[in-house]
Chemist: 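A single structure is presented below for examination.
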Amino acid sequence: MRVLTVLVQVASVGAINYAADDYESLFGSGGLARECVPFKCPKGKEAVPKRPLKLEAKGGCDAMSGGGMHMFNAGGQEESPVDPCCQQRQACGMICGTTQKFCDDQLTECMNDACDFAEDTEGCDQKKGVAKMMIDMDAGKCQKHSKDQAEEKRTKVLTDVYKRHSKDTADKVPGLVSKADNPKKFGTLLYKLTSKFPKMIKKVKDPQQEYWENMMKKAQEEPPPDKPKRGRKTTTTTEEEEPEDVEDLDAEL
């Protein structure tokens with residue numbers, strides 16, 4: 001109970017100190033809508049993922065709130081069945097060529113499948129509902145290249161993936177690149193590979209999650225305050241302590 005009180009107090013102070021236009025950075029995209037400008041290439045150019053391909057996920061579904069849910073889950077809950085879906089969703093938003101609709105649809109499909117086989121279906125459905133409200137799109141990581149260069153660049157990106165995660169099947173790369181011959185198809189291919197090779201997604205510590213976990217730890221380690229004792233207060237002088245000299249203010253009268 002004391003820990004919960006501390007967290008509520010900290011959250012209240014933090015909310016007061018944030019300006020209205022900074023509300024999103026504290027509680028996620030629920031505060032203010034973020035304007036997302038889609039990546040566009042000039043005529044004759046195609047969007048290609050940057051090398052090396054870097055996909056990250058900051059925690060699970062709670063991280064998609066931008067940090068707002070972390071204060072309530074700072075105790076280090078176990079990973080839920082839908083958390084891997086949210087990790088893929090975060091990675092999807094970082095893949096050049098994907099769209100928000102595609103990533104959101106994939107998240108919904110993944111979470112529905114996960115909850116169908118979950119032991120705690122009610123808890124899974126609750127987590128799924130929160131995740132749907134907290135969807136937050138990251139910017140795609142693209143480079144502009146001529147159409148002649150695009151196929152070569154895609155081949156290099158995909159070769160990097162297979163060399164790192166499946167060397168024995170790297171011979172598939174040319175055929176896959178020939179089929180995924182535009183930004184949308186190649187982005188979809190990379191997303192599907194995150195299911196096949198989960199280690200493509202680097203799990204990093206969310207600074208806001210770490211902050212709330214440290215607050216929780218600090219609150220748990222601090223001893224409870226001493227309760228005041230009831231009764232008359234008595235003043236005693238011990239042998240170790242000598243009474244201070246007190247000036248006799250009446251001596252001069």
Side-chain angles (χ1 to χ4, degrees), residues 24 28-29 33-61 63-66 83-111 131-132 134-167 169-207:
E24 180 181 358
S29 56
R34 180 191 299 179
E35 183 179 355
C36 183
V37 180
F39 182 88
K40 291 184 179 181
C41 280
K43 188 175 181 180
K45 301 286 185 178
E46 285 194 2
V48 178
K50 292 181 179 180
R51 290 182 67 206
L53 185 66
K54 293 183 179 179
L55 306 179
E56 294 183 348
K58 297 179 179 180
C61 296
M64 296 174 66
S65 70
D83 278 330
C85 301
C86 292
Q87 291 165 359
Q88 277 191 272
R89 172 61 181 81
Q90 293 176 61
C92 184
M94 304 177 75
I95 297 175
C96 175
T98 58
T99 63
Q100 181 169 348
K101 184 179 185 306
F102 169 80
C103 294
D104 292 350
D105 289 346
Q106 295 300 312
L107 172 64
T108 300
E109 182 179 343
C110 180
M111 290 194 299
K132 285 183 178 180
M134 297 298 182
I135 288 173
D136 187 12
M137 187 68 175
D138 290 320
K141 310 297 183 181
C142 300
Q143 288 180 322
K144 294 175 286 187
H145 290 285
S146 66
K147 290 187 176 182
D148 294 337
Q149 294 178 318
E151 182 175 351
E152 177 187 352
K153 298 297 182 181
R154 292 185 188 116
T155 300
K156 289 182 177 180
V157 170
L158 201 57
T159 299
D160 289 344
V161 172
Y162 272 87
K163 279 186 176 181
R164 176 167 292 186
H165 302 286
S166 182
K167 292 182 179 180
T169 56
D171 57 336
K172 294 182 179 180
V173 170
L176 291 172
V177 172
S178 64
K179 293 179 180 179
D181 57 355
N182 62 48
K184 184 176 180 180
K185 288 181 180 179
F186 194 69
T188 302
L189 171 62
L190 289 177
Y191 173 79
K192 291 185 179 299
L193 287 177
T194 61
S195 295
K196 188 174 183 179
F197 309 129
K199 290 185 178 180
M200 282 178 64
I201 304 174
K202 181 181 178 182
K203 298 179 183 180
V204 298
K205 193 74 172 180
D206 188 341

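For this chain, numbers begin at 1 and follow the sequence in order.
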Chemist: Under the 3.5 angstrom rule, does the side chain of T98 hit a backbone N or O of C92 as a donor-acceptor pair?
Modeler: yes
Chemist: Distance-only, no hydrogens or angles: does the S166 side chain make a donor-acceptor pair with backbone N or O of Y162 under 3.5 Å?
Modeler: no
Chemist: To the nearest 0.5 Å, how far apart are CZ in R89 and OH in Y191?
Modeler: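 Reported to 0.5 Å precision, the distance equals 9.0 Å.
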Chemist: Going from NZ on K45 to SG on C142, what distance comes out if it is rounded to the nearest 0.5 angstrom?
Modeler: 14.5 Å
Chemist: How close do M111 and C86 get, heavy atom to heavy atom, and via which atoms?
Modeler: SD-SG, 4.5 Å
Chemist: Locate the shortest heavy-atom distance separating G93 from C103; write the atom from each residue and the value.
Modeler: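 Heavy-atom minimum between the residues: N-SG, 3.9 Å.
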Chemist: Would you call the rings of H165 and F197 parallel, tilted or perpendicular, where under 30° means parallel and over 60° means perpendicular?
Modeler: parallel
Chemist: Working to the nearest 0.5 Å, report the span between CG of L53 and CD1 of I95.
Modeler: 7.0 Å
Chemist: Could you tell me whether D105 and K101 have a side-chain N and a carboxylate O separated by less than 4.0 Å?
Modeler: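 So D105 pairs with K101 through a salt bridge.
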Chemist: Are the sulfur (SG) atoms of C85 and C61 separated by under 2.5 Å?
Modeler: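 Judged by the SG atoms alone, which are 2.5 Å or more apart, C61 and C85 are not bridged.
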Chemist: Tell me whether R164 is salt-bridged to D160, with the criterion being a basic N under 4.0 Å from an acidic carboxylate O.
Modeler: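 Salt bridge absent between R164 and D160.
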Chemist: Which residue is it: D83, L107, T194? I am looking for the one with a side-chain contact (heavy atoms from CB on, under 4.5 Å) to Q88.
Modeler: T194
Chemist: Whether the side chain of Q90 engages the backbone of K58 through a donor-acceptor N/O pair (distance < 3.5 Å, no angle test) should be reported.
Modeler: yes
Chemist: Do L190 and L55 have side chains that get closer than 4.5 Å, going by heavy atoms?
Modeler: no
Chemist: Can you tell me how far apart CE (M94) and CD1 (I201) are? Round to the nearest 0.5 Å.
Modeler: 10.0 Å
Chemist: Considering all heavy atoms of both residues, which atom of P174 and which atom of A170 are nearest to each other, and what is their separation?
Modeler: CD-O, 4.3 Å
Chemist: I'd like to check F186 versus L158 (side-chain heavy atoms, cut-off strictly below 4.5 Å). Are they in contact?
Modeler: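 With C-beta onward as the side chain, the pair touches.
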Chemist: So, for K50 and V157, which heavy atoms are closest and what is the spacing to 0.1 Å?
Modeler: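 Scanning both residues completely, I find the closest heavy atoms to be O-CG2, 4.5 Å.
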Chemist: I need the L176 CG to D181 CG distance, nearest 0.5 Å.
Modeler: 12.0 Å
Chemist: Testing K185, R154, K144 for salt bridge (Lys or Arg N to Asp or Glu O under 4.0 Å) with E46, which one passes?
Modeler: R154
